[in-house]
Every structure is written in C-alpha cells, then in structure tokens.
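The block underneath contains the structure these notes are about, expressed in structure tokens.
These numbers come from the heavy atoms of this one structure, side chains and all, not from hydrogens, waters or symmetry mates.
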Amino acid sequence: MRTSQFPLNTVKETPSDAEIASHKLMLRAGLVRKLAAGLYTWLPLGVRVLQKVEAVVREEMSRAGGLEVLMPIVQPSELWEESGRWEQYGPELARLTDRHGREFCLGPTHEEIITELARNEIKSYKQLPITYYQIQTKFRDEIRPRFGIMRSREFIMKDAYSFHLDDASLQETYERMFEAYRRIFSRLGLDFRPVMADSGSIGGSLSHEFHVLADSGEDAIAFSTESDYAANVELAEVIAPSEERAAATTEMEKVSTPDQRSIEEVSQFLSVAPSNCLKTLMVKAEGKKAGLVALLLPGDRELNELKAEKIEGVASPLEMATDEEIKAAGSVTGFIGPVGLEIPVIADHAVLVMSDFVSGANEAGFHLKWTNWERDLPLPTIVADLCTAQEGDASPDGKGTLTIARGIEVGHIFQLGTKYSSAMKANVLNELGKGQTMTMGCYGIGISRVVAAAIEQSHDDRGIIWSDALAPFKVALCPMNMHKSDRLRETCENLYNELIEAGIDVLFDDRKVRAGFMFSDMELIGIPHRLVLGDRGLDSGNIEYKARGDSETQEIPMNEIVEFLKKKLVG
RNA sequence: CGGGGUGUAGCGCAGCCUGGUAGCGCAACUGCUUUGGGAGCAGUGGGUCGGGGGUUCGAAUCCCUCCUCCCCGACCA
C-alpha cells in the first residue's frame with residue numbers, strides 16, 4: 001500500500017477528552033474517531049488492525065473445532081423472556097420497539113440466540129459436541145462509557161458457544177478453548193495471564209478470565225510468584241494463618257479514645273499497630289427485618305464484599321448498617337467491638353490468632369486494650385475468609401507469595417452448564433432415545449478491546465509499538481526526497497514490488513513530505529520495521545533498517561534486505 | 001443516579017467577570033524558498049459562538065431552559 005492511496009489521518013494534537021494512552025494514540029494515529037459517547041468509527045488503518053486480530057482468532061477457533069456463524073444484533077424480546085433476562089437485565093440492555101409494536105433489544109451477548117439455534121438444529125446426541133462462534137458487534141448501554149475503545153458501548157466481540165451431552169464433554173471443550181485462547185494471545189504478542197474468575201471451590205474451574213497486563217488496567221489481579229496460580233483480587237482466597245495465637249499478657253483495660261474512630265486514628269492514638277486492632281463492621285443480615293451481623297477482621301485488612309455476601313446469614317448484596325441500626329444493636333459507629341455484643345458474629349480466620357488486641361468498647365469515646373479470646377470473650381463460632389488478598393500474602397496453592405498487578409480483561413471463558421438450555425428447553429435425544437438437556441460453555445474475546453489493550457501495553461512517547469502480528473503494516477518504506485531522484489524512485493518501486501511478492505505487508509510512503517514528518521508518522525502509527533532509502537545510501541549499496549523498538553539503525557546490503565526482513569518477521 | 005466541569009473554525013484554546021457584532025496556534029488550500037527528525041515567508045478559505053427562549057438600542061458575554069461531552073463517586077467504623 002502507498003500513503004498516497006491510503007491516507008493516514010494522523011494528528012499532532014491530542015483531543016482533550018482522551019485520558020489514557022491507548023485512547024490518545026488511537027485518535028492521534030487515526031485508528032478511530034469518536035461519533036458520540038462510547039461510539040467510534042474505525043478508520044482504514046484501525047480496521048486493518050482489527051482484521052489482524054480477527055484473522056488470528058478465526059484461525060485458532062477453527063483449529064479448536066469452532067464453526068463460524070453470524071447472528072443478528074437486533075434480537076426479539078421473546079427469547080430473552082424465556083431465559084428470564086428480559087427482566088433481570090437493567091437499563092444496560094438497550095430495548096426498542098418496531099413499527100408493529102414488537103419488542104426487541106440490541107444484543108449485549110448472544111446466549112439466547114445461539115440456544116434458539118441449537119434447539120432447532122440439534123436433535124441428536126450424535127451431533128454433539130459442537131461449537132459455534134461469531135465475530136459480531138455488541139451493544140451494552142454502559143452507565144459510563146470511558147477510556148475510548150476500552151470501555152465503549154458498541155464493541156466488537158468474538159463469542160463462541162459449545163453444546164454437549166454431558167459435563168465431561170464440556171470440560172474437554174473448555175480445556176481446548178483455554179488452549180486456543182493461550183495461543184491467540186501469545187500469537188498476538190501480548191503479555192497476558194489466564195486468571196481464575198471463580199473461587200473454584202465448587203467442582204473445578206468454571207470460569208477463567210484472560211488479562212493483558214498493563215498499569216492502566218481496570219482489574220487488579222493476584223498471581224503467584226512461583227506457580228501458575230492467578231486470580232482476580234476480589235476472588236483470591238486468603239488462607240488461614242499458620243501461626244498459633246500468642247498467650248494473653250495483660251488484663252483488658254477500657255481506655256478513653258475521644259473522637260478516634262477509624263483504625264488509623266485509634267492505632268496512632270494508642271500507639272498500636274493497625275494489625276493489632278480489631279476491625280468490626282456491621283452489615284445487614286439475610287432476610288427481611290433480620291437485624292445485623294458483625295464482621296471481624298484484622299485492622300490492616302479490607303473487607304471483601306463479594307466474599308462476605310456469599311456467607312450464609314449475610315444479606316446479598318452486601319449492605320452496611322446505618323448509624324441508627326448500629327445504635328439499636330447496642331453500639332456506636334466508630335467504637336464497635338465484639339465484647340458484649342448481642343448480635344451474630346462472623347470472624348475472618350486471621351483474627352483468631354490475634355491476642356492483646358484493641359477493639360471498640362461499644363461506647364462513644366472508648367476502646368478496649370489488651371482484649372483476648374476465651375478470657376474476655378468467647379472465640380467466634382463462625383469463621384470465614386473475609387479479606388481481600390494483598391501483595392505478599394501466601395499463594396492459596398501453597399507455592400510462593402502473591403504479587404498484585406493490573407490487567408485488562410480481554411477474554412472470558414465459562415462453563416455455563418444448563419442455565420440457558422434448560423430455561424429454553426434445548427434438548428437432544430440421547431443413546432436411550434430419551435430427551436436430555438444439553439450442557440453449554442461460552443467463550444468471549446473483546447476484539448476491539450484487544451487493540452486498545454495492546455497499545456496500553458506497548459507504546460512510548462512517540463506512539464504505538466505494534467507487535468508484528470497486530471501491525472497494520474509490517475514494514476514502512478521511507479524514501480528521502482524521492483521526487484528529486486529518478487534513480488531513487490526506481491529503486492524504491494522495485495523494492496516495493498519485491499516486498500509485496502515476498503508476501504510482506506509494506507507501506508510505501510510516497511508522499512512528498514520531509515523526512516521528520518515521515519518518521520514521526522510511521523512511529524506514531526507504530527509500524528514495527530522501517531527502511532530508509534536516500535540517494536546517498538544508494539551509492540553504498542546499503543539500506544538503513546530500524547525496528548520500532550530499537551534506538552540504533554543498522555545498514556543492510558540492498559540485495560539481502562528481503563531475506564533479512566523475512567527472517568525478522570518469522571522470529 | 002448523585003456531584004463537578006465543559007461546549008467558540010477540522011484539532012487545541014483565548015475572549016465571557018466589566019455587553020458594542022469574533023480572535024490565536026496547529027491543520028487545510030495557493031505560490032515561492034527549503035528538504036535525514038512534525039520547515040520558512042507571503043497569501044486564501046473556513047464560525048447560525050451547543051439548541052431554544054428572555055433582558056437590552058445592541059448578547060459569545062447577563063438571565064431561564066433543554067441538550068452534549070468529560071471527570072469524580074456507589075469499601076466507612
């Protein structure tokens with residue numbers, strides 16, 4: 001391709017509403033343009049990158065046995081009513097009515113549609129297992145679209161759905177997909193981690209997220225320094241401490257702590273480490289008018305709401321008690337403690353090994369120092385994992401410690417089971433000739449988000465740095481003042497044709513622009529390999545080569561350049 | 001949804017407080033010069049100042065209203 005035929009649409013100035021690197025660079029490099037909040041038009045250069053992602057995804061999906069389909073974006077409400085999601089989904093589901101008054105929605109995902117397809121097309125266990133996939137636009141009316149392509153309302157997704165006679169078959173396909181995902185993200189040149197998205201406590205791994213590691217990521221991930229263990233911080237298990245509780249040393253003492261409410265304030269005021277203060281939180285109990293439950297955790301820890309609301313007896317979603325409710329329960333906000341408290345108590349397992357700790361006295365302006373289990377209050381009967389994992393915690397699999405990094409979720413695979421197939425009666429006849437509900441898996445990749453994530457992970461102050469696999473063009477051919485030298489023009493034209501014949505995606509910058517302008521453009525749009533040809537260089541028989549990430553240029557003999565590039569592009 | 005901000009040429013912004021009929025830089029276009037790191041000079045085109053209403057002799061500017069877009073928030077003992 002030639003720049004004279006392929007306008008670059010680059011801009012020097014950053015649009016004021018772009019916050020993160022990928023958003024700024026995608027606008028500056030001319031990959032996308034904003035149409036409205038969360039809606040973007042993809043320009044020719046951006047489309048080329050999207051197509052690179054799609055090509056790799058298609059190859060790996062079909063390698064894993066997937067069959068491509070294409071389902072409508074507009075979906076009838078009836079199917080969503082069958083699955084129950086017409087009610088469940090909130091305003092994020094964009095609904096519309098056609099001229100006949102029939103209700104539809106813009107598909108945020110396609111489980112209902114594929115299940116409808118499967119129940120009509122698949123009648124016998126002999127047709128199973130089967131995996132369908134599509135690359136299609138989705139629409140989710142996000143509360144707050146932001147970060148450009150990263151969190152837009154309309155986006156491109158690859159979604160795959162598998163159907164099985166039993167869970168063993170589902171597990172098999174799930175593992176194949178897991179491998180396919182690994183291959184896809186590796187081939188795209190991304191630094192990523194598969195992350196357990198469900199605690200895995202019930203029957204193995206039901207869901208994995210694939211995260212591209214980048215500081216701007218929206219999710220925090222905990223992964224082991226020693227093993228493959230990786231989990232969303234929200235879900236990472238914090239294992240019970242191995243040490244024994246130390247013996248009590250001093251009599252419990254009620255001390256005045258006027259206006260010292262937070263753990264931080266109390267620990268400073270009393271000169272006690274936060275880890276030796278007991279944090280007591282009151283939350284609503286499960287069921288209407290069920291009162292409150294107290295949650296106990298070490299003062300240097302944060303409550304993990306997801307873990308808390310899963311515990312029996314705790315309201316889900318989690319709701320903190322109001323000041324009035326705390327008063328009614330016999331305590332005071334800021335001075336809550338378990339001693340003498342009359343409501344159910346659930347303790348994090350780490351608090352059981354605390355001794356001589358500080359707790360609230362349930363009286364305004366007072367705390368209790370040197371509190372000890374069994375002596376001053378009974379050991380809590382309900383013990384659970386309540387805290388959010390922190391850097392340095394022991395890895396739950398027993399190998400190494402946890403590191404916390406930020407990630408961008410680009411893929412998610414689930415074992416759905418029969419959630420949709422039973423609601424929508426997707427049955428097949430089994431070997432016995434009896435109807436049986438199919439079991440399902442679903443597997444998504446945010447195609448457009450991958451592009452943004454790749455930029456977040458790989459850019460510098462000059463622009464994007466594409467991997468070979470994602471680059472819209474692999475090689476930039478930059479002639480210096482070609483309009484002045486017929487000899488140079490001829491050489492460039494020949495080289496251009498040679499590269500095309502060699503199957504190398506080359507962008508020939510045949511614009512009549514200055515060198516600096518050309519270089520800046522090519523660096524901004526992130527072309528991984530650059531060739532510079534000048535009249536002077538022709539005499540020496542060498543071509544100047546520079547990789548986008550390198551700081552030094554190298555001279556390559558003219559007659560070796562095609563081979564040289566071929567080798568580079570393979571490696 | 002709540003709070004804050006914003007809207008002026010394709011992009012980035014000034015002008016608004018203190019009303020007098022719109023400006024700067026970049027980009028675009030033309031010409032000359034220049035030509036290995038986003039060139040210089042000269043010239044040209046481009047705006048219902050987010051929409052509607054009001055106050056006023058006169059509104060980008062003041063008032064009311066609607067809209068857009070952006071940012072922050074939904075872990076506190």
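Nucleotide B/rU18 forms a pair with no other nucleotide shown, judged by Watson-Crick or G-U wobble geometry with both contacts under 3.5 Å. Pair check for B/rG43 finds B/rC29; Watson-Crick or G-U wobble, both atom distances under 3.5 Å. Figure legend. B/rA9 is base-paired to no nucleotide; pairs are counted as Watson-Crick or G-U wobble with both atom distances under 3.5 Å. Pairing for B/rU55 is absent, judged as Watson-Crick or G-U wobble with the two contacts each under 3.5 Å. With both pairing distances under 3.5 Å, B/rC1 is matched to B/rG73 as a Watson-Crick or G-U wobble pair.
Here, B/rA9 and B/rG53 have their C1' atoms 27 Å apart, quoted to the whole Å. With both ends at atom C1', the span from B/rU33 to B/rU48 equals 41 Å, rounded to whole Å. Taking the C1' atoms as reference points, B/rC49 lies 11 Å from B/rA59, given to the whole Å. Distance noted for atom P between B/rU65 and B/rG10: 30 Å (whole Å). Using C1' as the reference atom, B/rG12 and B/rA27 are 11 Å apart when rounded to the nearest Å. Distance check on atom P: B/rC66 versus B/rG2 gives 13 Å, rounded to whole Å. A gap of 34 Å separates the P atoms of B/rA39 and B/rU6, to the nearest Å. Comparing B/rU55 with B/rG47, their C1' atoms sit 25 Å apart, to the nearest whole Å.
Cation-pi geometry between A/Arg530 and A/Phe519 is met: under 6.0 angstrom from the ring centre, within 45 degrees of the axis.
With B/rA27, B/rC70, B/rG36 as the choices, the nucleotide that has an atom nearest any side-chain atom of A/Arg536 turns out to be B/rG36. When distances are taken from the side chain of A/Glu523 to each of B/rC11, B/rG36, B/rG37, the shortest belongs to B/rG37. Taking every side-chain heavy atom of A/Lys484 into account, B/rU35 is the closest of B/rU35, B/rA77, B/rC69. Set against B/rG36, B/rC72, B/rA77, the side chain of A/Met480 has B/rG36 as its closest nucleotide. In the set B/rG38, B/rG37, B/rG36, the nucleotide with an atom closest to the side chain of A/Phe517 is B/rG38. The side chain of A/Ala37 sits closest to B/rC69 out of B/rG38, B/rC11, B/rC69.
Using a 4.0 Å heavy-atom cutoff across all strands shown, A/Arg511 reaches no nucleic acid atom at all. Residue contacts shown for A/Asn304 are absent, as no nucleic acid heavy atom lies under 4.0 Å away. Nucleic acid contact class of A/Thr388 (heavy atoms, under 4.0 Å, all strands): none. Among the protein residues, A/Glu13 comes within range of the nucleic acid bases, having at least one heavy atom under 4.0 Å from a base atom. Residue A/Met518 is classed as having no contact, given no heavy-atom separation below 4.0 Å to the nucleic acid. Residue contacts for A/Arg462: at a heavy-atom cut-off of 4.0 Å it reaches a base atom on one of the strands shown. Within 4.0 Å of A/His483, counting heavy atoms only, lies at least one base atom of the nucleic acid. Base engagement by A/Leu524 is indicated by at least one non-hydrogen atom pair under 4.0 Å involving a base atom. Contact annotation for A/Val332: no contact, since no heavy-atom pair falls under 4.0 Å across all strands. Counting non-hydrogen atoms under 4.0 angstrom, A/Glu19 reaches the backbone sugars and phosphates but no base. Residue contacts shown for A/Arg33 are absent, as no nucleic acid heavy atom lies under 4.0 Å away.
Between A/Thr137 and A/Glu154, the side chains place no donor N or O within less than 3.5 Å of an acceptor N or O (distance only, hydrogens not considered). Side-chain contact check for A/Asp376 and A/Thr371: no donor-acceptor pair (N or O, by modelled atom type) lies under 3.5 Å.
Salt-bridge check for A/Glu142 with A/Arg151: passed, with a basic side-chain N closer than 4.0 Å to an acidic carboxylate O. Salt-bridge formation is detected for the pair A/Asp539/A/Arg487: a Lys NZ or Arg NE/NH1/NH2 atom is positioned less than 4.0 Å from an Asp or Glu carboxylate oxygen. Salt-bridge annotation for A/Arg2 and A/Glu493: present, with a side-chain N of the basic residue lying under 4.0 Å from a carboxylate O of the acidic one. Taking 4.0 Å as the cut-off between side-chain N and carboxylate O, A/Asp509 and A/Arg511 count as a salt-bridged pair.
With hydrogens and angles left out, the side chain of A/Arg514 and the base of B/rG40 share no donor-acceptor pair within 3.5 Å. For A/Asn481 against B/rG36, a side-chain-to-base donor-acceptor contact under 3.5 Å is absent.
Taking side-chain N and O atoms only, A/Ser16 has a distance below 4.0 Å to OP1 or OP2 of B/rC13. Side-chain nitrogen and oxygen atoms of A/Ser520 include none within less than 4.0 Å of the OP1 or OP2 phosphate oxygen of B/rG37.
Checked against A/Val283 for a side-chain contact (heavy atoms from CB on, under 4.5 Å), the options A/Leu292, A/Ile311, A/Ile346, A/Val314 give a single hit: A/Val314. Partner of A/Leu379 under the side-chain contact (heavy atoms from CB on, under 4.5 Å) criterion, out of A/Val351, A/Leu352, A/Val345: A/Leu352 alone.
Toward the 5' end of RNA chain B, the nearer of the two residues A/Lys279 and A/Pro145, judged by each one's closest nucleotide, is A/Pro145. Of the residues near RNA chain B, A/Gly534 and A/Leu281, the one whose nearest nucleotide (by heavy atom distance) lies more toward the 5' end is A/Gly534.
Summarising the geometry, the separation between OH on A/Tyr545 and C1' on B/rG36 is reported as 19 Å, rounded to the nearest angstrom. Distance A/Phe519 CZ to B/rG37 P: 8 Å, rounded to the nearest Å. B/rU68 atom P lies 16 Å from atom CZ of A/Arg144, rounded to whole Å. Atoms CZ (A/Arg530) and P (B/rG36) sit 14 Å apart, rounded to a whole Å. In this entry the distance linking CG of A/Asp17 with P of B/rC13 reads 9 Å, nearest Å. Residue A/Arg28 contributes atom CZ, which lies 14 Å from atom P of B/rA27 at whole-angstrom precision. Residue A/Glu325 contributes atom CD, which lies 15 Å from atom C1' of B/rA77 at whole-angstrom precision. Regarding A/Arg151, its CZ atom lies at a distance of 12 Å from the P atom of B/rC72, rounded to whole Å.
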